[in-house]
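Scroll down for the structure; my scribbles are underneath it.
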Amino acid sequence: MNNYQGKILIDGEWLSSDSSETIATINPSDGIEFERIARGTAKDVDRAVQSAQNAIEGKWGKTTAAERGRLLQKLSKLILENEDELTEMEARDVGKPLRQARVDVKACARYFEFYGGAADKVHGETIPYQQGYTVLTLREPHGVTGHIIPWNYPLQIIGRTIGGALTMGNACVLKPGEEASQTALMIGELFRQAGFPPGVLNIITGLGEEAGEALINHQGIDHLSFTGSTEVGELVQRAAAKNAVPVTLELGGKSPQIVFADANLEKALSFLVNAAIQNCGQTCSAASRVLIEKPIYENLVKMLTEKFQQLQAGPASRDLDCGPLISPEQKVRLEKFIAEARSDGLNFAAQGTIVDDAPSGGNYVKPLLIRDVPADHSVAQHELFGPVLTVMSFGDEDEALELANGTAYGLVSGVWTKDGARQFRMAKKLKSGQVFINNYGAGGGVELPFGGVKLSGHGREKGFEALYGFSVLKTVAIQHGE
Ligand code: NAD
């Protein structure tokens, strides 16, 4: 599985990029280069789009829904057969502790299994109309779909976005994040082995401002799916508007978990910690704010403090609570927020540790718990993308909602309460794409539609809902007779 190093995938072949240049792949656990990826250009993107168009006009366009499903399920099996290799590479490339990387491999396989099963189960409708007519709707692929993904969850996001698009018969051009493209290339190789026709999945590695820009502006693209920062999401939306193509934006978040006094605190505790520090806090749906009802505030802060004091950061291979951050730049960015919090006198309740033998070139930070955080402070408003949990108290349901909804984002919310009526009230009033009650993240939830409101984006991926976004509805009205 290594004929793809430094290559791009076009028309089922591993090729050199038009630039012939490569970009270093750095292991965030030690800062050492361990691979190189191709620096794809606008010309490469053009070739990839052409190849996807050819696939649609050729064999892929004639493949039945059932056959598409079988191919996707075969890919799922191949991913599981290569689970150890993919796990090891995702851990090394992203800096993710091994067991978290393994969850991502299994989730990636599960997406292709789920979507493989769904491929021949998406139906149109018939619509009662005037006498002498039969009217029906067809769900058709958009055509060529462009997929730009970030570095933090390459495998999971490939599964959800490429899985959904291929299920509906689109052909894809994928641009992975330049910081972590290795497992995307491995998946590309497994695609070849699964027997998909050439051109169904094309992969162009490279820089956002080069290959990414070329992809979002390409006139041969019929749908764009972007997962990444809100800033770049705006550029993607503008480019999509210029070519009048539909776009799905999966952007950042500042998700809250709200804990009421009647909650099961023992159960909540591990969800509160894990949702904040998973992948070292570099998760769009990280629950980086915990809002606690006043009567249990001190008690729960004490429980969180004890947990945070025990957290350890170190190399991905050591499989600790946290790995490193992805890059020195992300570390500098995070440390600025932390310095601001310190100089404003915020209360640092607990800090974890970095293991003594962590390589000096790794981008390690100590997991941090900050209590009594003012709602308008920058650490409570911005996506920090690090293992920092901010905690604040609330007096009643209305205040909890005001705080929870009081950021520019709206991706996910969590609520902890045994009161059934309150569960429904909160679920209705929280401004986010997902609400979890007495759990958070629901174990990956391949089946559960996912996406944001406000600056967290729009459109839904995951679950069956994604398939409507990855297809276009055509209405056919047939008048009986000639
Ligand atoms: P990013 O926006 O910097 O990069 C994402 C992708 O966009 C990369 O492939 C990058 O090369 C590309 N890109 C950058 N500039 C571009 C341009 N001008 N034109 C076209 N493409 C361009 O984000 P990141 O730092 O890689 O990832 C972190 C962000 O992603 C966080 O904000 C996180 O919340 C978000 N994210 C969201 C989800 C979700 O599902 N909502 C999931 C994971 C990550």
Side-chain angles (χ1 to χ4, degrees), residues 65-66 68-69 72-73 75-76 104 107-125 127 137-143 145-150 153 155-172 174 222-228 233 236-237 240 245-253 255 283-285 409-414 424 427-428 430-437 439-475:
R68 288 201 301 271
L72 289 164
Q73 296 210 331
L75 176 66
S76 171
D104 290 4
C108 181
R110 173 75 185 116
Y111 277 113
F112 288 112
E113 181 192 48
F114 174 83
Y115 283 123
D120 55 359
K121 294 168 191 69
V122 185
H123 304 285
E125 293 177 329
I127 300 174
T137 60
L138 306 176
R139 284 238 157 241
E140 298 186 338
H142 291 286
T145 50
H147 304 256
I148 299 193
I149 68 167
Y153 285 84
L155 283 170
Q156 289 221 30
I157 299 173
I158 287 171
R160 81 180 192 209
T161 190
I162 300 295
L166 293 186
T167 300
M168 299 310 294
N170 300 284
C172 307
L174 169 69
D222 303 302
H223 177 282
L224 278 168
S225 161
F226 174 78
T227 306
V236 177
Q237 173 111 38
V245 296
V247 58
T248 303
L249 295 181
E250 299 277 7
L251 309 178
S255 298
T283 304
C284 56
S285 54
Y409 296 103
L411 197 54
V412 180
S413 311
F424 281 106
K428 285 204 73 137
L430 280 163
K431 295 194 174 108
S432 59
Q434 288 190 325
V435 178
F436 291 102
I437 311 279
N439 71 101
Y440 192 88
V446 162
E447 307 84 347
L448 313 182
F450 179 75
V453 298
K454 304 197 285 182
L455 288 189
S456 292
H458 54 74
R460 294 292 176 265
E461 291 194 346
K462 302 174 74 162
F464 225 79
E465 186 67 26
L467 301 180
Y468 303 126
F470 280 119
S471 58
V472 61
L473 194 78
K474 180 185 278 176
T475 306

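Please read all numbers here as calculations on a predicted model, not as lab measurements. For the single chain, residues carry numbers from 1 onward in sequence order.
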Kindly give the heavy-atom pair with the smallest separation between [X] and [Y], and that separation in Å.
X: Arg110; Y: Val446; answer: CG-CG2, 3.6 Å
X: Ala109; Y: Ser76; answer: O-OG, 2.7 Å
X: Tyr153; Y: Asp104; answer: CD2-OD2, 3.5 Å
X: Gly169; Y: Arg68; answer: N-NE, 3.5 Å
X: Ser471; Y: Leu467; answer: OG-O, 2.8 Å
X: Leu251; Y: Gly233; answer: CD2-CA, 3.9 Å

key: Residues, nucleotides or ligands: over 12 heavy atoms within 6.0 Å of Tyr468 OH   =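 Not buried by this count: 12 neighbours or fewer within 6.0 Å.
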Those residues at least two apart in sequence (or on a different chain) that pass side chain to side chain contact (heavy atoms under 4.5 Å, CB included) with Glu140 are Leu138, Val472, Lys474
Test Thr167 against Tyr111 for side chain to side chain contact (heavy atoms under 4.5 Å, CB included), laying out the working first. CA-CA 11 Å; Thr167 300; Tyr111 277 113; over 6 Å; no
Backbone N or O of [Y] within a donor-acceptor pair of the [X] side chain at under 3.5 Å?
X: Asp222; Y: Thr145; value: no
X: Thr137; Y: Glu125; value: yes
X: Asn170; Y: His142; value: yes
X: Gln73; Y: Glu113; value: yes
X: Thr283; Y: Ser285; value: no

With a 3.5 Å cut-off and sequence neighbours excluded, list the donor-acceptor pairs that the side chains of residues 449-461 form with protein atoms.
from, atom 1, to, atom 2, distance (Å)
Lys454, NZ, Asn405, O, 3.0
Lys454, NZ, Thr407, O, 2.8
Lys454, NZ, Tyr409, O, 3.4
Ser456, OG, Gly252, O, 2.7
Ser456, OG, Gly410, N, 2.9
Ser456, OG, Leu411, N, 3.4
His458, NE2, Gln237, OE1, 2.8
Arg460, NH1, Gly452, O, 3.1
Arg460, NH2, Gly452, O, 3.3
Glu461, OE1, Arg160, NE, 3.1
Glu461, OE2, Thr161, OG1, 3.1
Glu461, OE2, Ser225, OG, 2.6

Is there side-chain contact between Thr248 and His223, with at least one heavy-atom pair below 4.5 Å?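 Thr248 reaches His223 side chain to side chain.
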Nearest-0.5 Å distance that lies between atom CD1 in Ile157 and atom CD1 in Ile162: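 Taking CD1 in Ile157 and CD1 in Ile162, the distance rounds to 11.0 Å.
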Would you be so kind as to tabulate the donor-acceptor pairs closer than 3.5 Å made by side chains of residues 114-124, with sequence neighbours excluded?
from, atom 1, to, atom 2, distance (Å)
Tyr115, OH, Gly463, N, 3.1
Tyr115, OH, Gly463, O, 2.7
Lys121, NZ, Gly117, O, 2.5

